[in-house]
Number of protein chains: 2
Amino acid sequence: MTTRSYQRQDCPVAHALSVVGDQWTILIVRDVLGGPKRFDELQRGLGISRNLLSKRLKQMVEAGLLARRSLPNSRRFAYRLTPKALELRPAILALAEWGQNWRDQSGGTVVEITEKATGEQVGLRYCRLSDGREVQSDAISVQRLPENDSA
Amino acid sequence: MTTRSYQRQDCPVAHALSVVGDQWTILIVRDVLGGPKRFDELQRGLGISRNLLSKRLKQMVEAGLLARRSLPNSRRFAYRLTPKALELRPAILALAEWGQNWRDQSGGTVVEITEKATGEQVGLRYCRLSDGREVQSDAISVQRLPENDSA
DNA sequence: AGTATATAGTTTATTTTTTGAACTTAAAGA
DNA sequence: TCTTTAAGTTCAAAAAATAAACTATATACT
């Protein structure tokens, strides 16, 4: 969240981490993915210190990741995700899958992705954009290109 | 990398972040994805301070993310990725895509994924495990389940 | 009405990390 | 021989995170 030297790098990964790369931001998004949360809910659920949570929430609102709304008929507030933060879901699920696969002892909570309509299991895979067919991870190549920003 | 309070959480995301959630680890993996790197290459490329890089590299070797090998016929060393670190590629690419989509000014470097064989563009998508067909992101549901570790 | 509890933070002091810059050691090159 | 390169280490200063107590306001209980 704070300005780090690597923000000067022209790299989408470095840019993403400059926004969500701190110790807590991803975990806050993870919690709010489960529905809007109040300050104390987040604080208790995460075990983060209150002053840091306060600072992070402000920064995340500022960064356009969270919206702070007062709840109807009360003086309480809820934080909900913006579309920008919602789009972090693939990254978070990729981390979850890695965390599951490489944890020392088996057991513990597992994150499962299913298709709503059928209940079938779903995973993050590489797909050809043209036809949506899966491509094996060792059959892909990654390049960094300077974009000709004609957008 | 260091022990944080959220490591006590039973969550694959929190576990993943306890290993790769610090400010530099993901960027180091990103750089080494491009091939083995030496200490000074990493230091210059990242702009990280030398003592911190030294500490991170040790922790990453310890965590099984990097292997440190001496180069033939020289007293130099190269750090290369282990399979464990290689499997972070989907998470890193998901972050890259998000970073690209949500950066303020258009332009700058873009990460492009292609199929080696055909050169066709590829992206990370949700796929049904049964048949490998793509599922739209709003058609999925995410649950956290306690695993019955029969593994 | 008076007291207790809940919510959403703020304040302050301490500890831990990160940064930056200089230093070390050993080998290779000019 | 003198200089440069490589891979770190050491040390001091700055920044960030932690923990615990405190505040302010509003509702709930007795």
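Below, read A as the first sequence line, B as the second, and so on, with proteins coming before strands; counting in each chain starts at 1. Note that the structure is predicted; figures quoted are calculated from it, not measured. Keep in mind that the numbers below use all heavy atoms, side chains included, and drop hydrogens, waters and symmetry copies.
- Checked against dT10(C), dT19(C), dT18(D), the side chain of W24(B) finds its nearest nucleotide in dT19(C).
- Although no hydrogens or angles enter the test, the distance criterion places no donor-acceptor pair under 3.5 Å between the side chain of T109(A) and the main chain of R144(B).
- Across the protein-nucleic acid pair, L52(B) atom CG and dA15(D) atom C1' stand 13 Å apart, rounded to whole Å.
- Remark: side-chain polar atoms of K37(A) are not paired, donor with acceptor, to backbone N or O of Q43(A) under 3.5 angstrom.
- Here S54(B) does not reach the OP1 or OP2 of dG8(D): none of its side-chain N or O atoms lies under 4.0 Å away.
- By the side-chain contact (heavy atoms from CB on, under 4.5 Å) test, Q143(B) is found to be paired with E112(A), T114(A), S141(B), L145(B), residues two or more places apart in sequence or in another chain being considered.
- Y126(A) is not connected to L88(B) by any chain of hydrophobic side-chain contacts under 4.5 Å among Ile, Leu, Val, Met, Phe, Trp and Tyr, and they are in different clusters.
- In this structure, K58(A) reaches the dT10(C) phosphate: one of its side-chain N or O atoms is under 4.0 Å from OP1 or OP2.
- Note: CD (Q43(B)) to C1' (dG8(D)) measures 11 Å, nearest angstrom.
- In this structure, E41(B) places its CD atom 13 Å from P of dG8(D), rounding to the nearest Å.
- A donor-acceptor pair under 3.5 Å links the side-chain atoms of R89(B) to the main chain of S137(A), judged by distance alone.
- Under 4.0 angstrom from either OP1 or OP2 of dG8(D) there lies at least one side-chain N or O belonging to Y79(B).
- Considering only side-chain atoms of N51(A), the nucleotide from dT11(C), dA17(D), dT10(D) that sits closest is dT11(C).
- What separates NZ of K55(B) from P of dT9(D) is a distance of 12 Å, to the nearest Å.
- Rounding to whole angstrom units, CZ of residue R56(B) and C1' of dT17(C) are separated by 8 Å.
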Under 3.5 Å, N/O pairs linking protein and nucleotides 1-6 of chain D:
residue, atom, partner, partner atom, Å
dA6(D), OP1, R76(B), NH1, 3.4

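- Judged by distance alone, the side chain of W98(A) and the main-chain N or O of K84(B) form a donor-acceptor pair under 3.5 Å.
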